[in-house]
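First the structure, in the form of structure tokens, and then the observations on it.
Naming convention: chains lettered A, B, ... in sequence-line order (proteins, then strands); numbering from 1 in each chain. Only heavy atoms go into these numbers, but all of them, side chains included; no hydrogens, no water, no symmetry mates.
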Amino acid sequence: MNKPSFVYVTYIASTPDKVFKALTSADATSKFWFGNAVTSDWKVGSPMTFRREGKLIVEGKILENDPPRRLSYTFRSMHEPFNGSEPASRVVFDLEQQRDQVKLTVTHDDFVEDSKVFVGISNGWPLVLSSLKSYLEANRVLWAPWYEKERVAS
Amino acid sequence: MIDPARFKPKTVYVIYISSTPEKVWQALTDPALTRQYFFGFAIDIERKTGGAFRMLYRTAACTSAAKLSTGRRPGGWR
């Protein structure tokens, strides 16, 4: 069996409330997540989508919503080149307050064997989470090289 | 896109910083800067490949030592 999982830990000088809010707000995610706006009513079992410039990028459903400690949803890549070709995987955010900072652990697993989406998210999460950290600590966001290439190509 | 057939997950950590390579390099090699973000540890580095590397805490207590394996600073060590 070769079912990979991705785990990334980052520390953010913020509060669990602010981190949780940033992860679940369409306005905040469109800023730090390179234009990807998340939408859901965040009830367990409810649908969740990420859209960018009107296009469906990711769809899933809420598995856990325990603000501000834990958030989990299924994650199906609907963007190029996957277009929903792989079944949904699972994302879990664990937030732990450490005095005036937050330890954020992102676990992305439940992939199919030899998942190509896994390769994509392994490139994507470090940049998304670095941008989240910059956004919360310095009100700055990073930019994604892959979207720049897309702009040049089109 | 990385070729998934050749992709080998490794225990590396990637972070993106809104800065310049020169500033990041300075932060990694300047003891006055490492003391600020590395909880008081000052880097003591012999700026050449094969040179000594130590992390010092407050006084002269050596806590960690190694040899520099590579140094690829633009323009070389100085």
Side-chain angles (χ1 to χ4, degrees), chain A residues 2-13 31-34 77 79-82 85-86 98 101 104-106 108-109 111-147 149-150 153, chain B residues 1-45 47 49 53-59 61-66 68-77:
Chain A
N2 181 24
K3 293 180 83 172
S5 67
F6 175 89
V7 181
Y8 190 91
V9 177
T10 187
Y11 292 80
I12 304 176
K31 285 176 183 147
F32 77 80
W33 210 317
F34 328 119
S77 293
H79 57 87
E80 293 288 339
F82 307 114
S85 58
E86 289 191 17
Q98 297 184 340
Q101 65 195 27
L104 172 63
T105 304
V106 177
H108 195 158
D109 61 7
F111 291 96
V112 292
E113 276 188 67
D114 301 318
S115 167
K116 292 179 177 63
V117 170
F118 175 74
V119 179
I121 64 94
S122 297
N123 282 317
W125 279 121
L127 185 53
V128 170
L129 297 167
S130 295
S131 187
L132 169 66
K133 179 175 167 69
S134 289
Y135 174 68
L136 289 170
E137 292 181 348
N139 201 27
R140 294 179 70 165
V141 296
L142 306 180
W143 56 276
W146 47 86
Y147 289 135
K149 280 178 199 156
E150 180 184 90
Chain B
M1 180 68 68
I2 290 173
D3 176 10
R6 294 192 301 169
F7 179 74
K8 296 265 195 298
K10 293 180 288 186
T11 49
V12 296
Y13 191 92
V14 177
I15 187 170
Y16 292 80
I17 304 176
S18 180
S19 188
T20 64
E22 287 75 16
K23 284 182 184 167
V24 175
W25 186 277
Q26 195 191 352
L28 290 170
T29 55
D30 182 340
L33 295 180
T34 63
R35 237 181 249 121
Q36 291 177 54
Y37 71 83
F38 206 154
F39 323 117
F41 287 88
I43 192 166
D44 178 21
I45 195 167
R47 291 161 187 265
T49 300
F53 155 78
R54 296 184 301 169
M55 295 301 288
L56 307 175
Y57 189 66
R58 291 201 180 122
T59 56
C62 179
T63 57
S64 170
L68 285 188
S69 54
T70 58
R72 289 184 295 177
R73 183 187 189 283
W77 288 98

For this session: Please confirm whether A:Trp33 and A:Trp143 have ring centers closer than 6.0 angstrom.
Result: no
Exercise. With only heavy atoms counted, which part of A:Val9 is less than 4.5 Å from chain B, the side chain, the backbone, both or neither?
Worked result: backbone
For this session: With a 4.5 angstrom heavy-atom cut-off, could you sort out which part of A:Leu142 is near chain B: side chain, backbone, both or neither?
Result: side chain
Exercise. Heavy atoms, side chains only, cut-off 4.5 Å: are A:Pro126 and A:Phe6 in contact?
Worked result: yes
Seminar exercise, completed: Turns out that what part of A:Thr10 lies under 4.5 Å from chain B's heavy atoms comes down to both
For this session: Could you tell me how the ring of A:Phe118 sits relative to the ring of A:Phe111: parallel (under 30°), tilted (30 to 60°) or perpendicular (over 60°)?
Result: perpendicular
Exercise. Is atom CZ of B:Phe39 surrounded by more than 12 heavy atoms (other residues, nucleotides or ligands) closer than 6.0 Å?
Worked result: no
